[in-house]
Amino acid sequence: MKFYVNLTSRRKAFFIGVFIFSSLNLFAQIKVACIGNSITAGAGLKKEQAYPAQMQAILGDKYVVRNFGVSGRTLLSKGDNPYIKENAYKDALSWLPGIVIIKLGTNDSKPQNWKYKEEFTPEYIALVNSFKDLPSHPQIYVCYPLPAFQHKYNINDSIITNDIIPMVKIVAKKTKSRIINLNRAFRGKIDLLYDGIHPTAEGDKLLAKIIAKTIK
């Protein structure tokens, strides 16, 4: 009789444990890390207008979105402001995200940075793999840079279109990452970039919608 009671108690405890574990998994939020430059950071906008914040509102409570963007940063490690040297990069890795959105390359098109173009593809692959190797094994999305409607800050749209986008495509193929074509989405929409480079609040709203729709 005692043995039957103890066995029943153990079984109850086991099933309670399974239920709690399943519930935690069911309601666990999916972490979305947004990696990028000033466009991700939301330069010229209020914090809540940056695309990661607007995307959080679209995705809802099932997701938690964090903005790890830093203005002026390059993917290239020999660029004038490499992203991988920023604390934001280290913080993003340590956060162990489940989804990573990478939107870099715009500042790499500057002449002082693009002289190291041969290193762009291998370094982009290394960046992606640094996230793929995390214990959380995140899904990676690489974004084509937005078009640059004006030749400002030494940013070159021709290099973005003819060099960087094809390289990002190669990176996606080699790392089995998914592509988000933000460049095509913004072609002909100069009114959504307040200086020809950076999105307005409405521009970031479009960014948020496109990326949220893709990852959902």
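Since we're looking at a predicted model, the values are computed, not measured.
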In terms of heavy-atom contacts, does [atom1] of [X] have more than 12 from other residues, nucleotides or ligands at under 6.0 Å?
X    : atom1 : result
R184 : CZ    : no
K169 : NZ    : no
K31  : NZ    : yes

Short question: side chain of [X], backbone of [Y] - any donor-acceptor pair under 3.5 Å?
X    : Y    : value
D108 : W114 : no
Q29  : D61  : yes
Q112 : D80  : no
K189 : A185 : yes
N181 : Y144 : no
Q54  : A208 : no
E123 : L127 : no
E86  : V70  : no

Drop me the distance from [X]'s [atom1] to [Y]'s [atom2], to the nearest 0.5 angstrom.
X    : Y    : atom1 : atom2 : result
I125 : S130 : CD1   : OG    : 12.5 Å
K78  : K117 : NZ    : NZ    : 15.0 Å
D163 : S158 : CG    : OG    : 7.0 Å
N154 : N113 : CG    : CG    : 9.5 Å
R187 : F149 : CZ    : CZ    : 6.0 Å
R66  : I101 : CZ    : CD1   : 15.5 Å

Quiz item: Checking side-chain contact (heavy atoms from CB on, under 4.5 Å) for the pair N87/K90: CA distance, chi angles, key distance, verdict?
Solution: CA-CA 5 Å; N87 287 330; K90 299 173 186 175; 4.2 Å; yes
Quiz item: So, do F120 and Y116 have ring centers that fall under 6.0 Å from each other?
Solution: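 Not close enough - the centres of the two rings lie 6.0 Å or further apart.
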Would you say the side chain of [Y] lies within less than 4.5 Å of the side chain of [X], judging by non-hydrogen atoms?
X    : Y    : answer
I102 : V128 : yes
L192 : P199 : no
I160 : N183 : yes
Y89  : R73  : no
I180 : I210 : yes
C34  : M55  : yes
V32  : I215 : yes
T106 : I39  : yes

Self-check item: Summary of side chain to side chain donor-acceptor pair (under 3.5 Å) pairs that have at least one residue in residues 193-207, sequence neighbours excluded
Solution: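 Sorted result for residues 193-207: S38-H198, Y153-D195, D195-H198.
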Please tabulate, for the side chains in residues 131-143, all donor-acceptor contacts under 3.5 angstrom to protein atoms that are two or more places apart in sequence or on a different chain.
from: K132; atom 1: NZ; to: T175; atom 2: O; distance (Å): 2.6
from: S136; atom 1: OG; to: P97; atom 2: O; distance (Å): 2.7
from: H137; atom 1: ND1; to: L134; atom 2: O; distance (Å): 3.3
from: Y141; atom 1: OH; to: R178; atom 2: NH1; distance (Å): 3.2

same_hphob_cluster([X], [Y]) at 4.5 Å side-chain heavy-atom cutoff:
X    : Y    : result
I190 : I197 : no
I84  : I35  : yes
F68  : L76  : yes

Quiz item: Which residues pass the ring pair (Phe, Tyr, Trp, His ring centres under 6.0 Å) test with Y83, sequence neighbours left out?
Solution: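 Result, ring pair (Phe, Tyr, Trp, His ring centres under 6.0 Å) vs Y83: none returned.
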Quiz prompt | Derivation and outcome, side-chain contact (heavy atoms from CB on, under 4.5 Å), residues V64 and Q56 | solution = CA-CA 7 Å; V64 54; Q56 176 70 77; 4.2 Å; yes
Exercise. Might you work through the side-chain contact (heavy atoms from CB on, under 4.5 Å) test for F186 and L207, ending with a clear yes or no?
Key: CA-CA 9 Å; F186 275 78; L207 279 175; 3.7 Å; yes
Quiz item: Should the pair K110-D157 be classified as a salt bridge under the 4.0 Å nitrogen-to-oxygen rule?
Solution: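 No, K110 and D157 are not salt-bridged.
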Quiz item: So L104 and T74, side-chain contact (heavy atoms from CB on, under 4.5 Å) or not? Walk me through it.
Solution: CA-CA 7 Å; L104 287 166; T74 64; over 6 Å; no
